[in-house]
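So that the names make sense, note that chain A is the first sequence line, chain B the second, and so on, each numbered from 1.
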Protein chains: 2
Amino acid sequence: MKITARTPDQIGNALRRVRKAKGMTQKDVSARTNLRVATISSLENGDPGTQMRTVLSVLAALDLEFVVQDRVQESQLSIEDIFS
Amino acid sequence: MKITARTPDQIGNALRRVRKAKGMTQKDVSARTNLRVATISSLENGDPGTQMRTVLSVLAALDLEFVVQDRVQESQLSIEDIFS
DNA sequence: ATAAAATTTGCGCTATGGCGTAAAATGAGA
DNA sequence: TCTCATTTTACGCCATAGCGCAAATTTTAT
């Protein structure tokens with residue numbers, strides 16, 4: 001599992017996809033993070049105002065991590081276009 | 001350039017390292033993002049409250065991107081321990 | 001269809017991010 | 001050492017994140 005993200009939408013979609021792939025509900029993530037279900041929802045829906053602590057907390061709950069790397073030249077297709 | 005980050009501090013340090021490696025000042029990043037120098041400073045110093053829009057904006061200014069991936073088992077050493 | 005689960009939205013609240021502006025502190029070069 | 005550039009910190013301001021709590025909406029299964 002390795003998804004490039006440049007926008008809040010892409011990050012949100014990636015997190016939702018991974019969560020579902022792991023068979024977890026927002027409630028499950030909420031329990032692991034002590035964040036409200038509404039907060040998880042907001043993040044997954046691409047709220048750009050979501051704080052770093054919140055994103056990192058959810059990442060940890062999903063056993064994910066961030067990698068910061070140089071931008072790679074890629075097609076105009078976003079991850080959302082590729083995966084339904 | 002590829003740096004794993006799990007904490008606001010690690011993200012901040014990574015961004016600062018990359019910025020300097022590219023010979024840019026916080027003022028340069030500020031000019032490219034329309035964020036205040038103080039905001040860049042806050043981010044680089046690991047403020048967990050920094051918003052996603054801010055992080056993504058700075059990433060773009062540094063020609064970087066996020067990759068979300070499964071956590072990798074690694075030593076206890078953080079990136080800060082490895083690089084001065 | 002319909003019941004249950006899951007997700008989204010709303011309200012009032014407190015805390016704080018990022019803004020403009022400016023000054024203070026730190027770092028780097030002559 | 002002494003500037004000048006860079007970074008950090010402060011103050012007042014407005015906007016909003018995330019909280020508890022709850023209701024509404026959507027999705028999933030039976």
Taking atom types as they are modelled, is there a donor-acceptor pair under 3.5 Å from the base of C:dT16 to the side chain of A:Arg53? no
When we call it a touch if two heavy atoms are under 4.0 Å apart, what does B:Ser42 touch: a base, just sugar-phosphate, or nothing?
nothing
- Task: Scan B:Asn34 against the nucleic acid and name what it touches under 4.0 Å (heavy atoms): base, sugar-phosphate only, or nothing.
- Result: sugar-phosphate
Selection from [options] that lies nearest to any side-chain heavy atom of [X]:
X       : options               : answer
B:Arg36 : D:dT7, D:dG18, D:dA10 : D:dA10
B:Gln51 : C:dT7, D:dT7, C:dG18  : C:dG18
A:Arg16 : C:dT7, D:dA17, D:dT7  : C:dT7
A:Asp47 : D:dA17, D:dT8, D:dT6  : D:dA17
B:Leu35 : D:dT7, C:dC19, D:dG18 : C:dC19
A:Thr39 : D:dG18, C:dT7, C:dC19 : D:dG18

### Message
Taking only side-chain N and O atoms of A:Thr54, does any of them lie within less than 4.0 angstrom of OP1 or OP2 on D:dA17?
### Response
no
Query - A:Arg71 bridged to B:Glu65 by N-O distance under 4.0 Å - result: no
Taking only Lys NZ, Arg NE, NH1 and NH2, and the carboxylate oxygens of Asp or Glu, determine whether B:Arg53 and A:Asp47 approach each other closer than 4.0 Å. no
Here the distance between atom P of D:dT6 and atom CG of B:Asp28, to the nearest Å, is 8 Å
Any side-chain donor-acceptor pair under 3.5 Å between B:Ser42 and B:Asn45?
no
Sorted by position of nearest nucleotide on DNA chain D, 5' first, the leading residue of B:Val37 and A:Pro48 is B:Val37
The residue among B:Thr33, B:Val18, B:Leu15 that forms side chain to side chain contact (heavy atoms under 4.5 Å, CB included) with B:Leu59 is B:Leu15
